[in-house]
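Contents: one structure, followed by commentary.
By convention in this document, chain letters (A, B, ...) are assigned in the order of the sequence lines, proteins followed by strands, and residues within each chain are numbered from 1.
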Amino acid sequence: MIKGFLRTLVSNGKSLVGLLILGAFILIALLAPIIAPYPPKADRVETVVALGPPATNEEQIKEETPSADLDILTYRSTTTKDYQKVIHYFPLRAKPSAAHILGTDQAGHDLFSQLVWGSRVSLFVGLSTGLFVTLVALALSLVSGYLGGIVDDVISFFTNVMLVIPGLPLMIVIAAYITMRGVAPIIIILCISEWPYPTRLLRSQVLTLKNRDFVRVSASLGERTSFIVFREILPNMISIAMAEFFAMSMLAMLGEATLEFIGLGNVAVVSWGTILFWAQTNGALLSGAWWWFLPPGLAIALVGTSFVLINFAIDEISNPRLRKR
Amino acid sequence: MKYFLRKLGMLLFTLFVALTINFFLPRLMPGDPAQALLGKMENIPPEQLDSLRAAFGLDSQEPLPLQYVHYLGNTLRGNFGVSFSRFPMPVAEVMRIAIPWTLALMGISTILSFIIGTGLGILAAWRRETRLASLTVGVFSFIRSFPYFWFGLVLIYFLAFKLRLFPIGGAYAVEATRGSAAWWLSVLDHGILPALTICISSIGAWLLTMRNNMINVLAEDYILVAMAKGLPLRRIRSLYAARNAILPSVTGFAMSLAFIVGGGLVTEMVFSYPGVGYMLYQAVNAKDYPLMQIIFLFIAASVLVANFIADIVVMFLDPRVRDGAK
């Protein structure tokens, strides 16, 4: 089922491009230690050089004479060697150069390395929020859509209410009250504001499927509810759930960047959003430091576009009318 | 009528939920940030401190439900408390100054982007075999994945900082007399770039929704019949296809509006545009919780009301809704 779906994705031109872009970024994130020239928070390079051969000092500390034909002499030997530690501090707020291809920030961190390492946090927050929200929405929509009745009324009522309460201001207010440690709080906040969108969409899909003939037949044949839900309805929701996963991941990535840009994230974490935060705090814009604030935004936009491209393809697969004639 | 009442009920209930969230958020948060903040404010006279404590229910020995009732009463009477960062200005006064800027900026740019985006969506569906159509769709999908604030930064950098076509931030020229012709011109001059940011970033959403709806409608049989009858294409496009395809766009207005308002807020922050979004930014940085909360309430309320209006518009556009059929 999922295999067939993936095969169709690869055979569609748009989604292939999208998958390639996304794959490239995931690869960069995984290989960050290899690709990035420096650690994300390094502001100096230390090199240690040995000077000359080791010099040995020997010192006799004890002399014993157990018998006439035996002397035991105990020495302490210390080997010293001169080393030179060369600390090369990175320039602060440097322009792009061979050593720092995207320059450095106010603390001398190499911006290219930060961009590479930052992809880890940004992708992780985006994709994990997308996954988590989609799973919650799937569970809620299956329960609410299939069971119907009062359960459905309650769930869809709250979905509809939370749907229209604007997400970003809500996220900002919640984030302003808590102290961010790590990225878990930001993922939770993003989930709180995103869950209603996929829930409503998936629920209406469940409702449509529930009234299809093949489901009705199973029900009247007396199949167990779990069989109908997991074997007959769920497989038919994979494409729409995937579409929601990508849409929500993109939203989460934009949301994370926005919160961090405002200064509500954990500014000690290195991500695309915090690079933009530091750029703004240090007036990168008005000092003309385009190399500081352009690349992180472009990276976000590229990953976002890859999600959109994949979703175009999913739309075309599930809605034949959208295909090119 | 039943539809209208149901939507009205939904509006009131959602407003109530927003109010409730607003009440419980500061009280649910660990570590009591308001308490910590009040501890730091030493220069405030004790009686003022008391009123601030009261505003947060910190001094209160009252049980939570009673605090909640008082909170609702205060809100209904328009008593939102005093700003921490602009002490002793009431937050309602801060809002009174900020709201007109935001309404003008967001109102104009949202309407413009809706019209342009929907129009482009119609054309992109109508001539979707052409290269221009797929190029437009592609470009706007790319732009749609930009963070709003970053796109704002890019526009400021190239158009305001490099080319010096527009001012870098703010909403008006400080040296001009308020209300004079020069002042109004400066307002226009300062508004163009933020409006452009919001417009260009949000056109994509309208365009894609409209294009997809339109493609679906164009595949319907009655379009084929209309073509076979030899009706003028322009008539088919606007009266047969677009009119039916626009309904989901209007219904989706609320959802998209919440996003656009969110993006608009951040755009104001980037441009130091003295509207609600920039106030929110300042409130967050100064940990001005009363101001933050009224801003959240205001934004929620305006999105909800706009949503309600969109529902009413649908009622007039769609006979099925109007006549009460499900």
Shortest non-hydrogen contact from [X] to [Y]?
| X | Y | answer |
| --- | --- | --- |
| Leu168(A) | Gly262(B) | CD2-O, 3.2 Å |
| Pro166(A) | Ile299(B) | CG-CG2, 3.8 Å |
| Thr14(B) | Val161(A) | CG2-O, 3.6 Å |

**Report entry** Contact origin within Leu280(B) toward chain A - heavy atom pairs under 4.5 Å
**Finding:**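 Only the side chain of Leu280(B) comes within 4.5 Å of chain A.
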
Query - Interchain contact, Leu208(B) with chain A, by part (heavy-atom threshold 4.5 Å) - result: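 Contact with chain A involves the side chain of Leu208(B) alone.
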
Query raised in the report: Around atom CD1 of Ile150(A), are there more than 12 heavy atoms of other residues, nucleotides or ligands at under 6.0 Å?
Result: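 At most 12 heavy atoms, drawn from other residues, nucleotides or ligands, come within 6.0 Å of this atom.
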
Query raised in the report: Would you say Phe158(A) has more than 12 foreign heavy atoms packed within less than 6.0 Å of its CZ?
Result: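 Result for CZ/Phe158(A): open.
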
Report task. With side-chain contact (heavy atoms from CB on, under 4.5 Å) as the test, would you mind laying out the steps for Val308(A) and Phe140(B) before giving the verdict? Result -> CA-CA 11 Å; Val308(A) 173; Phe140(B) 279 104; over 6 Å; no

When [options] are compared by non-hydrogen pairs under 4.5 Å with chain B, the top option:
| options | answer |
| --- | --- |
| Leu251(A), Leu302(A), Leu309(A) | Leu251(A) |
| Asp315(A), Leu276(A), Val303(A) | Leu276(A) |
| Pro196(A), Gly304(A), Gly288(A), Gly167(A) | Gly288(A) |
| Met253(A), Met162(A), Met250(A) | Met250(A) |

Query raised in the report: Do the side chains of Tyr281(B) and Ile172(A) get nearer than 4.5 Å, heavy atoms only?
Result: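 With C-beta onward as the side chain, the pair stays apart.
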
Can you tell me how far the [atom1] atom of [X] sits from the [atom2] atom of [Y], to the nearest 0.5 Å?
| X | Y | atom1 | atom2 | result |
| --- | --- | --- | --- | --- |
| Leu298(A) | Phe146(B) | CG | CZ | 6.5 Å |
| Lys14(A) | Ser141(B) | NZ | OG | 8.5 Å |
| Leu265(B) | Ile262(A) | CG | CD1 | 8.5 Å |

Query raised in the report: Do you know which of Phe151(B), Phe158(B), Phe161(B) has the most heavy-atom pairs under 4.5 Å to chain A?
Result: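 Answer, by heavy-atom pair count under 4.5 Å with chain A: Phe161(B).
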
**Report entry** Heavy-atom donor-acceptor pair, Trp150(B) side chain to Phe293(A) backbone, under 3.5 Å
**Finding:**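 Yes, because the side chain of Trp150(B) sits within donor-acceptor range (under 3.5 Å) of the backbone of Phe293(A).
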
Query raised in the report: Between Phe261(A) and Phe149(B), what is the ring plane arrangement, given parallel below 30°, perpendicular above 60°, and tilted in between?
Result: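 Aromatic pair Phe261(A)/Phe149(B) classed parallel.
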
